[in-house]
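Written below as structure tokens is the structure these notes are about.
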Amino acid sequence: MKFYLQWYARLPSTNTFLKERLAVERGLPSGTAVAAREQTQGRGRRDREWVSATGENLTFSILLRGKYEPRYLPSASMAAAVAVAELLEAQGLTPALKWPNDVLVNGKKICGILSEKISCGVIIGIGLNINMQRADHIDQPATSILIETGKRRDVDELLGKLLKHLSVRLDEWAHGGFSKVRKNWESKVPSIGKSVTVRDGGAMRTGILEGFGNDGELLLRDETGAVSAIWAGDLAV
Ligand code: BTN
């Protein structure tokens, strides 16, 4: 997959901006990628805010056109998370994936992903902490590449590298769905086979994490041995 990258100094939110642009530029190509040095209204999942100091981190969004079934969509973020984890591995880190779409390093969040369905496909928004020095503003313990390695990185260069990983994983996802990236995803989930707690709607459920289904749904085995699929929620760490 080919990307068409545009950098902006400041945007409210790269996800929102892409949506607004699509409304006026209906021919915007699949692969359009919009990155901002600063977001003034960065958004996270569950209506949370995504805060990122100007110029320090990566905040960008990608347009993927396609007629995807709704059940197919949550795993777009999972495919993107695999690509982020591969970039981090190449930087010498050992990332872990936390369903549905967080990337952690040493148990702390380094990347969040917000995928949103639109009429012509999906927008995938990625926030990756690169040169953030202090981690006191995210919904859970957070970290950055700088905090983990003690070294600053060139944000533009890392985006170039990340787009290469994304190109491979999103292509796989677009053509074969989650089952194409499942092996890679599962290899980076340390809690498989262990007891986990998952928020399923309003309820908290505990069981053994069996793995993930064809569309990225989480498979949880309860004490009776029955395995149920959870389609939306959060894994508690
Ligand atoms: C989360 O973990 O809750 C998801 C965070 C997603 C943040 C990214 S930053 C780029 C894109 N634009 C946004 O407003 N949000 C996403």
Side-chain angles (χ1 to χ4, degrees), residues 44-46 48 50 71-115 124-130 132 135 138-145 147-149 162 165-166 168-170 172-173 176-237:
R45 292 174 64 234
R46 302 181 183 280
R48 285 185 298 236
W50 183 263
R71 69 180 173 85
Y72 211 77
L73 281 169
S75 62
S77 301
M78 296 171 79
V82 168
V84 171
E86 288 169 338
L87 171 80
L88 295 174
E89 283 166 356
Q91 300 298 311
L93 298 173
T94 308
L97 297 176
K98 178 169 162 272
W99 186 80
N101 45 24
D102 287 348
V103 185
L104 312 185
V105 172
N106 287 326
K108 289 172 281 177
K109 182 159 165 173
I110 198 164
C111 173
I113 302 176
L114 178 68
S115 291
I124 303 175
I126 300 179
L128 173 63
N129 298 332
I130 296 181
M132 178 178 83
I138 307 189
D139 58 296
Q140 54 176 285
T143 193
S144 68
I145 299 180
I147 292 171
E148 295 300 323
T149 65
L162 178 52
H165 291 286
L166 283 166
V168 176
R169 297 305 169 203
L170 292 179
E172 287 177 346
W173 175 83
F178 180 70
S179 45
K180 282 265 174 145
V181 292
R182 174 165 47 195
K183 240 177 88 192
N184 267 297
W185 166 272
E186 288 188 334
S187 72
K188 300 179 202 305
V189 180
S191 43
I192 289 184
K194 297 192 179 142
S195 174
V196 294
T197 300
V198 187
R199 181 148 50 93
D200 180 12
M204 299 302 278
R205 296 173 58 180
T206 296
I208 301 295
L209 175 57
E210 282 287 302
F212 298 86
N214 277 340
D215 294 310
E217 67 277 21
L218 183 146
L219 304 175
L220 192 71
R221 180 155 48 87
D222 67 21
E223 66 279 6
T224 71
V227 175
S228 48
I230 300 177
W231 290 86
D234 272 302
L235 190 70
V237 224

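Not counting sequence neighbours, the partners of Ser179 by the side-chain contact (heavy atoms from CB on, under 4.5 Å) test are Arg182, Asn214.
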Apply side chain to side chain contact (heavy atoms under 4.5 Å, CB included) to Lys98 and Gln140, showing your working. CA-CA 13 Å; Lys98 178 169 162 272; Gln140 54 176 285; 3.8 Å; yes

Take Ile147 and Asn129 through the test side chain to side chain contact (heavy atoms under 4.5 Å, CB included) and record every step on the way to the result. CA-CA 9 Å; Ile147 292 171; Asn129 298 332; over 6 Å; no

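Here the side chain of Trp50 pairs no donor or acceptor atom with the backbone of Ile126 at under 3.5 angstrom.
Within 6.0 Å of the NZ atom in Lys180, the count of heavy atoms belonging to other residues, nucleotides or ligands does not exceed 12.
Sorted pairs that involve residues 222-232 and meet salt bridge (Lys or Arg N to Asp or Glu O under 4.0 Å), not counting sequence neighbours, are lacking altogether. Within the structure, every pair that satisfies the salt bridge (Lys or Arg N to Asp or Glu O under 4.0 Å) test and touches residues 189-199, not counting sequence neighbours, is listed here: Arg199-Asp234.
Contact of the Val103 side chain with the Leu97 side chain is registered, since non-hydrogen atoms from C-beta on lie closer than 4.5 Å. Within the 4.5 Å cutoff, the side chain of Glu217 has heavy atoms near those of the Leu219 side chain. Side-chain contact between Glu148 and Gln91 is absent, with no heavy atoms from C-beta onward closer than 4.5 Å. Between Leu209 and Trp99 the shortest side-chain heavy-atom distance does not fall below 4.5 Å. Considering only heavy atoms from C-beta on, Asp215 stays 4.5 Å or farther from Pro74 through its side chain. Residues Leu88 and Ile145 meet the side-chain proximity criterion, which asks for heavy atoms closer than 4.5 Å.
Taking each heavy atom of Ile192 and Glu210 in turn, the nearest pair found is CG2-O, 3.9 Å. Contact detail for Asn184 and Ser187: the closest heavy-atom pair is O-OG, 2.7 Å. Minimum interatomic distance between Ile110 and Ser144 (heavy atoms only, all atoms of both residues): CD1-C, 3.6 Å. Smallest separation of non-hydrogen atoms from Ile113 and Asn101: O-ND2, 3.3 Å. Closest of all the heavy-atom pairs between Phe212 and Leu218 is CD2-CA, 3.9 Å. Leu170 and Ala80 make their closest contact through CD2-N, 4.2 Å (heavy atoms, listed as atom of the first residue, atom of the second, distance).
With values rounded to the nearest 0.5 angstrom, Met78 atom CE is found 12.0 Å from Trp173 atom CH2. Atom CD of Glu89 is separated from atom CD of Glu86 by 6.5 Å, given to the nearest 0.5 angstrom. Atom CZ of Arg205 and atom CG of Asp200 lie 5.0 Å apart (nearest 0.5 Å). Taking CG from Leu73 and CD1 from Ile124, the interatomic distance works out to 9.0 Å, rounded to the nearest 0.5 Å. Note that the CG atom of Leu220 and the CG atom of Leu235 stand 9.0 Å from one another [nearest 0.5 Å].
Of the candidates Lys109, Lys188, Arg45, Lys109 is the only one forming a salt bridge (charged side-chain N to carboxylate O under 4.0 Å, His left out) with Asp102.
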